[in-house]
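This one's a predicted model, so the numbers in the text were calculated from it and none came from an experiment.
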Amino acid sequence: VAISGVPGQPNVFYMAPNNGGVWKTTDFGHTWNPIFDDQPNDDRHSGSIGALAVGPSNPNTIYVGSGEGLRRPDLSVGDGIYKSTDAGRTWQHLGLREAQQIASIVIDPKDPNRLFVAAQGHPYGPNPERGVFRSLDGGQTWQKVLYKDENVGAMDLVLDPRNSQVIFASMWASRRPPWTTGGGYDGPGSGLYKSTDGGSTWRQLTKGLPGEAEGIGRIGPAVSPSDPNRMYAWVNARKGRGIYRSDDAGESWQQVNDEERVWGRGDDFGCVRVDPKNEDVIYVANTSTYRSTDAGKNFTAIKGAP
């Protein structure tokens with residue numbers, strides 16, 4: 001669930017599969033080398049990765065969040081967050097050990113020491129080390145800047161490309177029953193939030209989105225790089241699930257697609273990506289990969305089953 005290219009280095013990619021550590025290619029993906037295998041594995045599994053981010057202004061700086069961040073029946077938990085300042089040769093552990101599942105990391109495009117981390121928390125029970133954490137010193141210290149309660153974790157983070165003081169975060173109250181292979185469940189408290197002051201204060205975005213009465217669950221937001229007022233969100237809920245669009249930077253939303261082939265398995269996927277040059281072209285991955293060229297109204301399967 002974690003992969004990143006490197007701006008200005010089209011031959012270099014980092015990739016982190018569930019329970020597979022971190023891998024690096026320098027030849028456009030032809031060969032991959034493991035770069036994380038010497039990290040500790042005790043009762044927690046540092047090789048289970050949920051998030052990976054490369055510093056846009058300093059690509060030698062990489063942050064990795066352990067614990068894959070998905071509420072799957074076959075999950076592994078992690079032991080916190082790691083950092084490399086030498087393009088993956090060596091690593092330092094930065095804490096957040098009890099976050100257990102780290103689902104997203106975003107780095108300020110101009111400052112690799114300013115970052116936000118979305119922590120899902122313990123998958124099988126409540127704990128307080130969850131929500132959105134901010135660091136202004138490269139991960140040496142952390143502030144918990146968005147927190148609901150010990151049952152609600154943070155899932156996705158997106159920065160406004162025009163202004164890194166504007167951050168969007170999705171909160172998700174989810175739990176795994178450890179005695180079943182299916183039947184994960186959502187509790188109250190999920191929602192989409194926005195901060196315009198660098199993460200110090202947050203408010204929930206609700207206009208046009210399903211709420212607690214509709215059984216809101218995981219939300220996957222995306223901001224268009226070419227027109228940051230245009231946003232999309234994959235919304236999972238008991239009622240009103242589907243793909244949503246905003247044209248005013250998240251202040252109001254409308255549902256643009258409700259096809260089950262697109263929104264199905266929202267707990268597992270829940271990810272929208274926008275073409276960097278065209279705000280009307282978006283991609284979602286489900287059992288197929290789907291593309292829309294009309295801002296989410298219609299999707300065509302372009303890769304995968306069937």
Side-chain angles (χ1 to χ4, degrees), residues 2-8 51-59 63 103-118 132-134 136 145-146 154-172 191-210 218-235 242-257 262 269-285 290-299:
I3 191 166
S4 179
V6 178
L52 184 154
V54 178
S57 61
N58 181 359
Y63 295 93
S104 183
I105 301 171
V106 292
I107 306 172
D108 189 313
K110 297 178 180 176
D111 181 5
N113 290 315
R114 179 177 179 263
L115 68 151
F116 295 83
V117 170
V132 177
F133 292 83
R134 177 180 66 190
L136 303 176
V145 292
L146 178 57
M155 189 67 194
D156 280 289
L157 297 167
V158 187
L159 290 176
D160 186 321
R162 295 168 300 191
N163 179 2
S164 60
Q165 297 299 306
V166 178
I167 309 112
F168 299 88
S170 67
M171 302 292 281
W172 186 25
L192 183 61
Y193 288 78
K194 180 179 183 179
S195 173
T196 57
D197 59 6
S200 295
T201 61
W202 299 78
R203 59 189 172 85
Q204 189 172 358
L205 303 173
T206 59
K207 188 177 180 182
L209 292 171
R218 180 179 175 181
I219 301 171
V223 176
S224 164
S226 61
D227 177 12
N229 286 324
R230 172 71 62 83
M231 292 185 66
Y232 296 90
W234 177 325
V235 176
I243 305 301
Y244 284 71
R245 189 182 88 205
S246 172
D247 294 307
D248 54 11
E251 298 303 323
S252 62
W253 295 84
Q254 59 176 319
Q255 187 181 32
V256 292
N257 189 282
V262 174
F269 294 97
C271 173
V272 183
R273 291 293 180 265
V274 189
D275 186 297
K277 296 178 181 177
N278 186 342
E279 66 272 17
D280 291 331
V281 177
I282 63 173
Y283 297 83
V284 300
Y290 295 97
R291 177 173 57 213
S292 172
T293 58
D294 57 6
K297 294 188 187 73
N298 298 284
F299 283 90

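Residues Trp253 and Leu192 have side chains in contact (heavy-atom distance under 4.5 Å, counting atoms from C-beta outward). No side-chain heavy atom of Glu279 sits less than 4.5 Å from a side-chain heavy atom of Arg245. In this structure, Ile107 and Pro56 have side chains that are in contact, with non-hydrogen atoms separated by less than 4.5 Å.
Interatomic distance, Leu159 CG to Ser195 OG, rounded to the nearest 0.5 Å: 10.5 Å. Put simply, CD1 on Ile105 and OH on Tyr63 are 9.0 Å apart, with the number rounded to the nearest 0.5 Å. Separating the CZ atom in Phe168 from the CD1 atom in Ile219 is a distance of 12.5 Å, to the nearest 0.5 Å. With rounding to the nearest 0.5 angstrom, the CG atom of Asp197 is 7.5 Å from the CD1 atom of Ile167. For the atom pair Arg291 CZ and Asp275 CG, the distance stands at 9.5 Å (nearest 0.5 Å). The distance from the OG atom of Ser104 to the CG atom of Leu157 is 4.0 Å, given to the nearest 0.5 Å.
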Quiz item: Which is it for Val132 and Trp202 under the side chain to side chain contact (heavy atoms under 4.5 Å, CB included) test, yes or no, and what are the steps along the way?
Solution: CA-CA 11 Å; Val132 177; Trp202 299 78; 4.3 Å; yes
Practice problem: List the steps and the verdict of side chain to side chain contact (heavy atoms under 4.5 Å, CB included) for Glu251 and Asn229. | Solution: CA-CA 10 Å; Glu251 298 303 323; Asn229 286 324; over 6 Å; no
Practice problem: Decide side chain to side chain contact (heavy atoms under 4.5 Å, CB included) for Val235 and Gln255; before the verdict, give the C-alpha distance in whole Å, the side-chain angles of both, and the deciding distance to 0.1 Å. | Solution: CA-CA 9 Å; Val235 176; Gln255 187 181 32; over 6 Å; no
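Minimum interatomic distance between Asp156 and Pro221 (heavy atoms only, all atoms of both residues): CB-CD, 3.5 Å. Counting all heavy atoms, side chain and backbone alike, Val158 lies closest to Val223 at CG1-CG2, 3.4 Å. Across every non-hydrogen atom of Ala233 and Val272, the tightest pair is C-CG2, 4.2 Å. Gly250 and Leu205 make their closest contact through O-CD1, 3.4 Å (heavy atoms, listed as atom of the first residue, atom of the second, distance). The minimum heavy-atom distance between Pro109 and Ser57, with the atom names listed, is O-CB, 3.2 Å. Nearest heavy atoms, Tyr244 versus Leu209: CD2-CD2, 4.0 Å.
In terms of the side-chain hydrogen bond (donor to acceptor under 3.5 Å, both in side chains) criterion, Arg273 has no residue partners (sequence neighbours excluded). With sequence neighbours excluded, the residues forming a side chain to side chain contact (heavy atoms under 4.5 Å, CB included) with Asn257 are Ile243, Glu259, Val262, Phe299, listed by chain and number. Evaluation of the side chain to side chain contact (heavy atoms under 4.5 Å, CB included) rule for Thr206 yields Gln204 as partners, not counting sequence neighbours. Applying the side-chain hydrogen bond (donor to acceptor under 3.5 Å, both in side chains) criterion to Asp280, with sequence neighbours excluded, gives Arg230. Not counting sequence neighbours, the partners of Ser246 by the side-chain hydrogen bond (donor to acceptor under 3.5 Å, both in side chains) test are Asp248. The salt bridge (Lys or Arg N to Asp or Glu O under 4.0 Å) search around Arg134 returns none, not counting sequence neighbours.
In this structure, Arg218 contributes its side chain and Phe269 its backbone to a donor-acceptor pair below 3.5 Å. With Thr293 contributing its side chain and Val281 its backbone, the two residues share no donor-acceptor pair below 3.5 Å. A donor-acceptor pair under 3.5 Å links the side-chain atoms of Lys194 to the main chain of Ala249, judged by distance alone.
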